[in-house]
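This is the structure I want to talk about, given as structure tokens.
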Amino acid sequence: MIARTAPVSKEPVVLCVDDDPSTLSALRRVLRPEPYEVVTTATPEEALKRIETGQPVQLVISDHRMPGMSGADLLERVRKASPQTIRVMLTGFPESGLVSYGLAHGIDWLITKPWNDGALRGALRQLLEGREAGRLPGSGEGAGAEPRLLAEIRRRLGFFPPLFEPAARVPSVLRALWLEAKVSYLDSTLPALFKEKLFAYLSRFCATPYALIAHACALRPLGMSGREILELLEEPPPAMEIDLAAPFAALWNAPGPLKGWPEPGTELDRSVFRCAVALFRGGAKAERGRKELRRALGVDGYTRLQALLAYIGLCHAWSEGHPEIVPDGDARVVAHRAALEAEEPRLAEFFATHAERVRRERNRVEDKLLDVISVLRGREAALRQAQDQLELRVRERTAELVRVNAALRDDIAARKRAEAERDRLTAQLLQGQKLQAIGQLSAGIAHEINNPVGYILSNLTALKEYLADLSRLLRAGQKADPALERPRVEIDAEFMLDDFGKALEETREGAERIRDIVRGLRDFSHADEGERMNADLRELIEDSLRICWNELKYKADVKRDYGYAGPVPCYPRRVGQVFVNLLVNAAQAIEERGEIRVSTRAEGGWAEIRVRDTGRGISPEALPRIFEPFFTTKPVGEGTGLGLHVAYKIVRAHGGEIEVTSKVGEGTEVSVRLPLSEPGGPAWATEDGPREGGKQP
């Protein structure tokens, strides 16, 4: 359903499309000061329906990654249905392929997550003003837009950069590149020397030499010598966090946020530079660099630096997509390259070998990755071989136990020892090295997240109480002093308090979701105790759903039917592993959007759990083999063939049964039956609930 934040008006209509409600809320708050009618929807289909039915929309902001229709497909259909509508892409992954595709298909603007509020509002304002002035496709003027744009570029720069030449034939693409250049680079208040040094240094990682040479030449009129420029370009990037220990410490010790940009050449200036490089390169160092830069530079300085880094990445992606771009037509290169190379001859060799050096470096990284993949594959093969050997040992030992039981059926003690040995070997098979490592990692993550989530929830409760008190104070003050009425109306106090309360409630719900997920992850990662316990069946299923929710939410709607939700004597973590395997299999069997139904019931001393999906189904030829180890119907590389085998082993170890029925094209149903009583113990439930005299846990 499409939601409006204001009544219909003559102001420009901005339509926001994103499947994440939090992102839509953030966009509404960012655009609230602007004179727009903001309309939001979580589905591309609803947005397209509004456009195709002729309802007025001047600008569309769409997320790129959404279930069903992608943002690129939506904006392409908007272009065909309403060419005059401005199209803006919202994405957290501005890779070169997306940039090239978007610009080639007439997307007018690209916004990266997280965005800068001021830059976002400024960009939308310029796009809408350009539309009114006839500088966008479909606005009625068209032919006169390109000469004015070219004149503006030449006026600001003094020349037309070769970087923009491939876009000169498509005015909308050229406008998008120029707008990004102005907002994030030319009009940025960051020091010119810092901007050019960062641009030149980061361009050493780009496969085409244009940006490297152009921005290296731009450093000469800023006072850097050829030797200093070469030393800057040759400085190796930080390879690990230990290389950034000193810059991190310098930023941490700085009295932040800084009132001005650090003086050039100081230790603090160099520390900001190194951390910005780490942020651009990504990896394990990026998050630490992000925190230190945000604290030291403040919101304004940090967001301007983010915008510059995003623009540098855009230039790299654009130039690599157009390898014909050469720096010879760049005025900075014409004016300074010869002098720089004469002053420092090694720069000429550095420029000439740049592309080959980047190619070798990328090949080296690829070779290293291939080596790592090869090692992992070798370890996987060794693990499979060890599992095969262990399975063989289990089978051999089981056969031996059967013979011992047949020969010594009167010897109860010997039988119990044999069964204990069999259980130990079975548990050893199930507790593989990989699952154990994942369990330990999950437990550690859950422990680290649990503490901050606890005090976040506590603080949100206190904030809600404070908001209620402030609301009462405002209303009491209004009654006591009529002079407060005018400022109350001017700041729209009622809306602000209501929206503040909604924001607190949304934040509390999000924190509770994190808490529930962490709790399920923590419980799932703990190993079972040596004895069975009576576990709540509904809790087991809900914990499993939380653990694999990220796998399910974009593939299926989950329906629950708990006909029985009482206790089941079992090893809870092992049974939870069964449910997780079944739910993930169900999601992977659904090719587009489908449904997964989980139902439970108790009948004849058994708890029956059914997991049904509307996926592609299993062929009659494959159905008899699905419980065999390493047999899978999934494509190569997408499945190990151990999921159902492990589930089968766990269910059988509980004295239960597992069955699968399937029809190609209609879906699959897996039925798990677990006994409601331990061997020699009371039954916990019948068809009508707990049996009389049975004690519930």
Can you name the residues that form a side-chain contact (heavy atoms from CB on, under 4.5 Å) with F205, not counting sequence neighbours?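 With neighbours one apart ignored, the set is Y201, L202, P237, R281.
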Is E45 atom CD crowded by more than 12 heavy atoms from other residues, nucleotides or ligands, each under 6.0 Å away?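 More than 12 heavy atoms, drawn from other residues, nucleotides or ligands, come within 6.0 Å of this atom.
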R220 side chain vs A335 backbone, donor-acceptor pair below 3.5 Å: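 Side chain of R220 to backbone of A335: no pair is present.
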Check the pair K182, E152 against salt bridge (Lys or Arg N to Asp or Glu O under 4.0 Å), reporting the backbone distance first and the verdict last. CA-CA 11 Å; K182 288 195 298 182; E152 180 187 357; 2.8 Å; yes
Would E11 and Y36 count as a side-chain contact (heavy atoms from CB on, under 4.5 Å) here? Give the steps. CA-CA 5 Å; E11 300 293 351; Y36 309 145; 5.6 Å; no
Atom pair CD1 (I153) and CZ (F160), whose distance is rounded to the nearest 0.5 Å: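 Reported to 0.5 Å precision, the distance equals 5.0 Å.
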What pair of heavy atoms forms the shortest contact from A214 to V333, and how long is it?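 Smallest heavy-atom distance, with atoms named: CA-CG2, 3.7 Å.
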If I take atom CZ from residue R29 and atom CG from residue L31, how far apart are they, to the nearest 0.5 angstrom?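 With rounding to 0.5 Å, CZ (R29) is 12.0 Å from CG (L31).
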Could you state the interatomic distance from CG (D20) to CG (L90), rounded to the nearest 0.5 Å?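 Reported to 0.5 Å precision, the distance equals 10.0 Å.
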Hey, are R274 and S271 close enough side-chain-wise for a donor-acceptor pair under 3.5 Å?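 On atom types as modelled, these side chains do not qualify, holding no pair under 3.5 Å.
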From CG (L230) to CG (L347), nearest 0.5 Å: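 That separation rounds to 5.0 Å.
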Within this structure, what is the CD1-CD1 distance for the pair I61 and I86, rounded to the nearest 0.5 Å?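 Here the rounded value is 10.0 Å.
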Any luck finding a side-chain donor-acceptor pair between S184 and E180 under 3.5 Å?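 Yes, because at least one side-chain N or O of S184 sits under 3.5 Å from a partner of the opposite role on E180.
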Over all atoms of both residues, closest heavy-atom pair of Y311 and L177: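 Minimum heavy-atom separation between Y311 and L177: CE1-O, 4.4 Å.
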Exam field: side chain K197 to backbone F273, donor-acceptor pair closer than 3.5 Å: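 Checking the backbone N and O of F273 against the side chain of K197, no donor-acceptor pair under 3.5 Å is found.
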Is there a side-chain contact between L340 and L219, using heavy atoms and a 4.5 Å cut-off?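 Answer no - side chains too far apart.
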NE2 of H336 to CD1 of I213: how many Å apart, nearest 0.5 Å?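 Spacing of NE2 (H336) from CD1 (I213) equals 14.5 Å.
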Distance-only polar pair, side chains of Y185 and E196, donor-acceptor under 3.5 Å: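 Note: Y185 and E196 side chains meet the donor-acceptor criterion.
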Minimum heavy-atom separation for D19 and P21, please, with both atom names.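 Of all heavy-atom pairs spanning D19 and P21, the closest is O-CD, 3.5 Å.
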Would you call the rings of F350 and H354 parallel, tilted or perpendicular if under 30° counts as parallel and over 60° as perpendicular?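 Correct class here is tilted.
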side-chain contact (heavy atoms from CB on, under 4.5 Å) against S203, all qualifying residues, sequence neighbours excluded: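 So S203 forms a side-chain contact (heavy atoms from CB on, under 4.5 Å) with F199, A211, L212, H316.
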State, to 0.1 Å, how close L268 and A254 come at their nearest heavy-atom pair, and which atoms those are.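 So the two residues come closest at CD1-CB, 3.9 Å.
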Considering non-hydrogen atoms only, spot the tightest contact between V88 and L75 and give its length.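 That closest heavy-atom pairing would be O-CD1, 3.7 Å.
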Can you name the side-chain contact (heavy atoms from CB on, under 4.5 Å) partners of P191, sequence neighbours left out?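 Testing P191 for side-chain contact (heavy atoms from CB on, under 4.5 Å), a comparison that skips the adjacent residues, returns F194, W261.
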Between R295 (side chain only) and W252 (backbone N and O only), is there a donor and an acceptor less than 3.5 Å apart?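 The answer is yes, because a donor-acceptor pair under 3.5 Å joins these two groups.
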CD (E356) with more than 12 external heavy atoms under 6.0 Å: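 Atom CD in E356 is crowded, with more than 12 foreign heavy atoms closer than 6.0 Å.
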Take E341 and R337 through the salt bridge (Lys or Arg N to Asp or Glu O under 4.0 Å) test and state the conclusion after the steps. CA-CA 6 Å; E341 292 179 351; R337 181 174 182 175; 2.9 Å; yes
Main-chain N/O of S188 paired with R304 side-chain donor or acceptor, under 3.5 Å: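 A pair under 3.5 Å: no.
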Counting N and O atoms only, with roles assigned by atom type, does the side chain of Q58 sit under 3.5 Å from a partner on the main chain of V13, one being a donor and the other an acceptor?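 Confirmed, Q58 side chain pairs with V13 backbone.
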Would C275 and L251 count as a side-chain contact (heavy atoms from CB on, under 4.5 Å) here? Give the steps. CA-CA 9 Å; C275 289; L251 291 180; 3.5 Å; yes
I would like to know whether M224 and L222 meet side-chain contact (heavy atoms from CB on, under 4.5 Å); could you show each step before the answer? CA-CA 6 Å; M224 288 189 67; L222 295 176; 5.7 Å; no
Check: R121 side chain, V30 main-chain N or O, donor-acceptor pair, under 3.5 Å: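 At least one qualifying donor-acceptor pair exists.
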Using salt bridge (Lys or Arg N to Asp or Glu O under 4.0 Å), reason through E231 and R227 one step at a time and then give a plain yes or no. CA-CA 6 Å; E231 289 176 353; R227 180 181 58 80; 2.9 Å; yes
Of E343, E344, E349, which meets salt bridge (charged side-chain N to carboxylate O under 4.0 Å, His left out) against R346?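 Of the listed options, the one satisfying the test is E344.
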What are the two closest non-hydrogen atoms of L163 and I325, and how far apart are they?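 It is O-CD1, 3.9 Å.
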Taking W109 for the side chain and L124 for the main chain, is one N or O donor matched with an acceptor at less than 3.5 Å?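 Looks like no, no N/O pair under 3.5 Å.
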Residues L309, L198; criterion side-chain contact (heavy atoms from CB on, under 4.5 Å); working and verdict: CA-CA 9 Å; L309 293 175; L198 191 60; 3.7 Å; yes
Between R65 and S70, is there a donor-acceptor pair closer than 3.5 Å when you use the side chain of the first and the backbone of the second?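 Not at all, since once roles are kept as given, no pair shorter than 3.5 Å links the two residues.
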